[in-house]
Each structure stands twice: as C-alpha cells, then as structure tokens.
Participant: 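Okay, handing you the structure first.
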Amino acid sequence: QVQLVESGGRLVQAGDSLTLSCAASGRTFSTITMGWFRQAPGKEREFVATISASGGFKRYVDSVQGRFTISRDNAKNTVYLQMNSLKLEDTALYYCAARLSGWLSDVEADFGSWGQGTQVTVSS
C-alpha cells in the first residue's frame with residue numbers, strides 16, 4: 001500500500017496558477033505510476049493526468065492539455081500538478097492516486113491508493 005497526502009489547494013482567481021503536491025510513503029515511489037483526478041460538485045470523479053514511474057511519459061485529459069503539467073521528484077517521493085490559466089470549470093476536489101503495477105492509465109479503477117483530496121476553487 002501507499003499512503004498519499006495532497007496539499008496546495010486553495011481559492012484562486014481565473015487565470016491564476018497553482019501547484020498541487022502529493023507526498024507518498026509506504027512503498028518505493030520510483031516504481032509507481034501516479035495520477036491526478038478531480039471531482040467537481042455534483043459530478044463524477046474524472047481523470048486529469050498521469051505520469052510514469054520514471055517521469056518520462058505523461059498523459060492528460062484534453063481539457064487541461066497545454067495548461068496543466070504533471071511532474072514528479074522521486075528523490076522526494078512527491079508528485080506535482082502545475083496548473084496554469086485556471087478556469088472556473090477547474091474548480092474541484094483534486095485527488096492524487098497511485099497505480100502500484102501497470103503502465104499509464106486514465107481509468108480510476110486501475111489506481112489502488114488514493115489521497116484525501118485537496119480543494120481548488122477558481123473564482124471569477
């Protein structure tokens with residue numbers, strides 16, 4: 001198992017930038033595919049981004065492509081989500097997730113460990 005703790009969420013204005021962090025513990029972080037998901041009020045949780053264990057491969061949902069960047073620091077056991085040009089529709093509870101075995105995925109069920117989430121609210 002992997003324990004995940006997200007941080008960095010807060011209230012921002014549209015157009016602002018924000019970086020979320022997710023600290024992992026409990027297993028060799030450098031072997032784990034990581035992902036970010038989000039859940040907006042009244043909606044189902046959706047995939048945002050995923051990154052391979054080495055950090056060399058990434059995938060994004062179309063709605064954030066070009067605005068968000070997922071990265072990781074395996075020496076710090078941390079994965080990040082840099083969010084630029086934030087929009088009102090980016091408002092959501094953002095979750096960090098770990099896929100203990102397997103390649104990149106945008107499927108929620110493929111990720112076995114989840115953090116508690118960090119709230120991002122974008123205002124106009």
Side-chain angles (χ1 to χ4, degrees):
Q1 273 289 17
V2 178
Q3 290 74 48
L4 303 171
V5 179
E6 304 97 332
S7 61
R10 61 181 177 90
L11 175 64
V12 297
Q13 291 191 324
D16 283 354
S17 297
L18 187 65
T19 299
L20 305 182
S21 300
C22 173
S25 61
R27 181 164 164 164
T28 304
F29 182 71
S30 61
T31 66
I32 301 171
T33 295
M34 297 296 296
W36 285 97
F37 290 74
R38 66 186 180 186
Q39 186 167 21
K43 296 186 178 181
E44 294 187 352
R45 189 156 56 183
E46 67 168 352
F47 165 77
V48 176
T50 184
I51 186 169
S52 63
S54 68
F57 297 89
K58 306 173 185 180
R59 186 186 300 168
Y60 301 90
V61 67
D62 288 347
S63 60
V64 308
Q65 183 75 46
R67 298 189 299 123
F68 290 12
T69 301
I70 189 171
S71 63
R72 66 193 295 160
D73 186 338
N74 285 346
K76 296 183 178 179
N77 288 1
T78 302
V79 62
Y80 305 96
L81 186 68
Q82 170 70 41
M83 305 184 292
N84 298 326
S85 302
L86 282 161
K87 304 176 180 180
L88 297 179
E89 52 264 41
D90 294 319
T91 294
L93 186 61
Y94 283 73
Y95 295 92
C96 174
R99 186 179 191 195
L100 302 185
S101 63
W103 188 232
L104 297 181
S105 174
D106 56 9
V107 177
E108 183 175 336
D110 286 341
F111 292 80
S113 295
W114 293 81
Q116 80 290 349
T118 185
Q119 180 67 40
V120 174
T121 303
V122 184
S123 66
S124 59

Participant: Give the cluster check for Trp36 versus Tyr80: same hydrophobic cluster or not, with ILVMFWY residues linked at side-chain heavy-atom distances below 4.5 Å.
Facilitator: no
Participant: Disulfide (SG to SG under 2.5 Å): which pairs involve residues 87-124, sequence neighbours left out?
Facilitator: Cys22-Cys96
Participant: Looking only at heavy atoms, which two atoms of Leu4 and Met34 are closest? And how far apart?
Facilitator: CD2-CE, 3.8 Å
Participant: Drop me the distance from Leu88's CG to Ser123's OG, to the nearest 0.5 angstrom.
Facilitator: 7.5 Å
Participant: With sequence neighbours excluded, what pairs up with Glu44 under the side chain to side chain contact (heavy atoms under 4.5 Å, CB included) test?
Facilitator: none
Participant: Is there a donor-acceptor contact under 3.5 Å from the side chain of Gln82 to the main chain of Thr19?
Facilitator: no
Participant: Nearest 0.5 Å please: distance from the CG atom of Leu20 over to the CZ atom of Arg10.
Facilitator: 10.0 Å
Participant: List the steps and the verdict of side chain to side chain contact (heavy atoms under 4.5 Å, CB included) for Thr33 and Ser105.
Facilitator: CA-CA 8 Å; Thr33 295; Ser105 174; over 6 Å; no
Participant: Would Val48 and Val12 show up in the same hydrophobic cluster when neighbours are defined by side-chain heavy atoms closer than 4.5 Å?
Facilitator: yes
Participant: Show every disulfide (SG to SG under 2.5 Å) that has at least one partner inside residues 23-70, sequence neighbours left out.
Facilitator: none
Participant: Is it true that Leu104 and Val61 fall in one hydrophobic cluster, defined by side-chain heavy atoms closer than 4.5 Å?
Facilitator: no
Participant: Can you list every ring-ring contact (aromatic ring centres under 6.0 Å, His included) pair that touches residues 51-73, not counting sequence neighbours?
Facilitator: Phe57-Trp103
Participant: Please enumerate all residues that pass side chain to side chain donor-acceptor pair (under 3.5 Å) together with Asp73, with sequence neighbours excluded.
Facilitator: none
Participant: Hey, does the side chain of Thr118 reach the backbone of Glu6 with a donor-acceptor pair shorter than 3.5 angstrom?
Facilitator: no
Participant: For residues Val122 and Leu11: do they belong to one hydrophobic cluster (side chain heavy atoms under 4.5 Å, members Ile, Leu, Val, Met, Phe, Trp, Tyr)?
Facilitator: no
Participant: Identify the heavy atoms of Ser52 and Arg72 that sit nearest to each other, and give their distance.
Facilitator: O-NH1, 2.8 Å
Participant: Of the non-hydrogen atoms in Val2 and Ala24, which two are nearest, and what is the gap between them?
Facilitator: CG1-CB, 4.0 Å
Participant: Rounded to the nearest 0.5 Å, how far apart are CG of Leu18 and CE of Met83?
Facilitator: 4.0 Å
Participant: Within this structure, what is the OG1-CG distance for the pair Thr28 and Leu100, rounded to the nearest 0.5 Å?
Facilitator: 11.0 Å
Participant: Taking side chain to side chain donor-acceptor pair (under 3.5 Å) as the definition, give me every residue that meets it alongside Arg45, ordered by chain and number, with sequence neighbours left out.
Facilitator: Glu108
Participant: Which atoms form the tightest heavy-atom contact between Ala53 and Ser30, and what is the distance?
Facilitator: CB-O, 3.2 Å
Participant: Using the side chain to side chain donor-acceptor pair (under 3.5 Å) criterion, which residues pair with Gln39? Sequence neighbours excluded.
Facilitator: none
Participant: Mind checking what makes salt bridge (Lys or Arg N to Asp or Glu O under 4.0 Å) contact with Asp90, not counting sequence neighbours?
Facilitator: Arg38, Arg67
Participant: So which heavy atom on Ile70 is nearest to which on Val79, and how close?
Facilitator: CG1-CG2, 4.0 Å
Participant: Looking at every heavy atom in both Leu93 and Gln116, which two are closest together, and how far apart are they?
Facilitator: CD2-O, 4.4 Å
Participant: Test of understanding: with ring pair (Phe, Tyr, Trp, His ring centres under 6.0 Å), list the residues that count as partners of Phe111, not counting sequence neighbours.
Facilitator: Phe37
Participant: Let me confirm one number: the OG1-CZ distance from Thr78 to Phe29, rounded to the nearest 0.5 Å.
Facilitator: 6.5 Å
Participant: Listed by chain and number, what are the side chain to side chain contact (heavy atoms under 4.5 Å, CB included) partners of Ser7, not counting sequence neighbours?
Facilitator: Ser21
Participant: With ILVMFWY side chains joined below 4.5 Å, transitively, what does Val5's cluster contain besides itself?
Facilitator: none
Participant: State which residues pass side chain to side chain donor-acceptor pair (under 3.5 Å) with Gln1; sequence neighbours excluded, sorted by chain then number.
Facilitator: Ser113
Participant: To the nearest 0.5 angstrom, please state how far the CG atom of Leu86 sits from the OG1 atom of Thr91.
Facilitator: 8.5 Å
Participant: Examine distances only and state if a side-chain atom of Lys58 and a backbone atom of Thr69 form a donor-acceptor pair shorter than 3.5 Å.
Facilitator: no
